[in-house]
Amino acid sequence: MATRRSSAPPQADAGRRSVTVEGLHKTYGSRRGPVEAVRDVDFDTRDGEFVSLVGPSGCGKSTILHIVAGLIPYDTGTVDVGGEPARPGRREVGIMLQKPVLLPWRSVQDNVLLPAEIYRLDDGASRNRAQELLEMVGLQGFEDKHAWELSGGMQQRASLARTLLPDPSILLMDEPFAALDEFTRERLNAELARLHETLSRSVLYVTHNIPEAVFLSDRIVVLKARPGEVLEVVDVDLPRPRTLDMITHPRAVELSAHIRGLLGQTERVEAA
Ligand code: ADP
Ligand code: MG
């Protein structure tokens, strides 16, 4: 069912890798001494593939995502993103974090247009694209509102539209919907699945929510905690398009139980 080195799903371009991480190690220095966060982690994402990093809190998911985004340094290993070593500020790499970080004094539309200023994109084309994206994420009619006038879910929709504005080929997402209520999170996950299926961008997604990872992903990199190490890479052989009723699909339930079992085993070893 699951293999450490798994084959590409049929919808992905098996020839090209968007993210390759090999032999990654990261230790933080802290006042109480070194904290080994990530140990010898290997995984990749292929073009158009949705890959999740799953594991308990503190297993190094955010550390890995921030390293792939080029936001923090690492000790040893190779991190290749779209054919180049990881570095920040690349138009082809979109990043979305747990907090929406919209600028409060700007309208929704002007927040979505922020990357057009950063990357000096054509103004007219960017405005058209912003409008398309706002419709795609269900925010038409809210263009002129300010961030503080929106609910948490709507702020994350605006944030998603902003991330997509420069048309990135790789999306890096760190628990983007974790702070939202369950109903909103499910709806946004269904929309993210639909967007991924329409746009076929590579996504590297971080979550501690196992059913969410199963619902969204083509493959799941299961990490154990202290230090973060890959336990297994699980193929998610659920059909696409994904619809919300698939959360209770027998295969989805089976895969979730398998991942829970993997993580449970390491907890029992630690407790012994
Ligand atoms: P996750 O996202 O899976 O919850 P993190 O990547 O945030 O995990 O953290 C992994 C480990 O590294 C944890 O033990 C955490 O306490 C530690 N850590 C994270 N950031 C720092 C930091 N800036 N300094 C020291 N330790 C850190
Ligand atoms: Mg985290």
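Just so you know, residue 1 is the first one in the sequence shown, and it goes up from there. For ligands, and for the atoms within them, numbers begin at 1 and follow the listed sequence.
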- Task: Please determine if Arg106 and Glu117 form a salt bridge, counting it only when a charged side-chain N lies under 4.0 Å from a carboxylate O.
- Result: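 Salt bridge between Arg106 and Glu117, a charged N being under 4.0 Å from a carboxylate O: yes.
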Give the residue and atom name of whichever protein heavy atom lies nearest to [atom], and the separation in Å to one decimal.
| atom | answer |
| --- | --- |
| atom 22 (C) of ligand 1 | Tyr28 CD2, 3.4 Å |
| atom 1 (P) of ligand 1 | Gly58 N, 3.5 Å |
| atom 8 (O) of ligand 1 | Gly60 N, 3.2 Å |

- Item | atom 15 (C) of ligand 1: any protein heavy atom closer than 4.0 Å |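 Not a single protein heavy atom is under 4.0 Å away.
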- Message: Which label fits Tyr205 and Phe177: parallel for a plane angle under 30°, tilted from 30 to 60°, or perpendicular past 60°?
- Response: tilted
So is there a nitrogen or oxygen of [X] less than 3.5 Å from a nitrogen or oxygen in ligand 1?
| X | answer |
| --- | --- |
| Ser30 | no |
| Gly29 | no |
| Val35 | no |

- In the protein, N/O/S atoms that are found under 2.8 Å from the Mg ion (ligand 2), waters not counted: Ser62 OG
- Element-labelled atoms of ligand 1 that are located less than 4.0 Å from some non-hydrogen atom of Ala37: 11 (C), 12 (O)
- Task: Could you pull out the closest heavy-atom pair between Leu24 and Val38, with the gap in Å?
- Result: O-CG1, 3.6 Å
- Message: Which residue is it: Arg242, Arg251, Arg219? I am looking for the one with a side-chain contact (heavy atoms from CB on, under 4.5 Å) to Val236.
- Response: Arg242
- Message: My understanding is that only one of Val206, Thr207, Val214 makes a side-chain contact (heavy atoms from CB on, under 4.5 Å) with Val54; could you say which?
- Response: Thr207
- Any chance you could lay out the side-chain hydrogen bond (donor to acceptor under 3.5 Å, both in side chains) test for Asp181 and Thr184, step after step, and finish with the verdict? CA-CA 6 Å; Asp181 65 88; Thr184 308; 2.7 Å; yes
- Answer yes or no: is there a donor N or O on one side and an acceptor on the other, between the side chain of Asp80 and the main chain of Pro85, under 3.5 Å? no
- Item | Worked verdict on Ile247 versus Glu212 for side-chain contact (heavy atoms from CB on, under 4.5 Å) | CA-CA 8 Å; Ile247 291 174; Glu212 176 175 290; over 6 Å; no
- Message: Within the 4.5 Å heavy-atom criterion, are Leu150 and Arg157 side-chain neighbours or not?
- Response: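 The answer is no, as the side chains (C-beta and beyond) never meet within the 4.5 Å cut-off.
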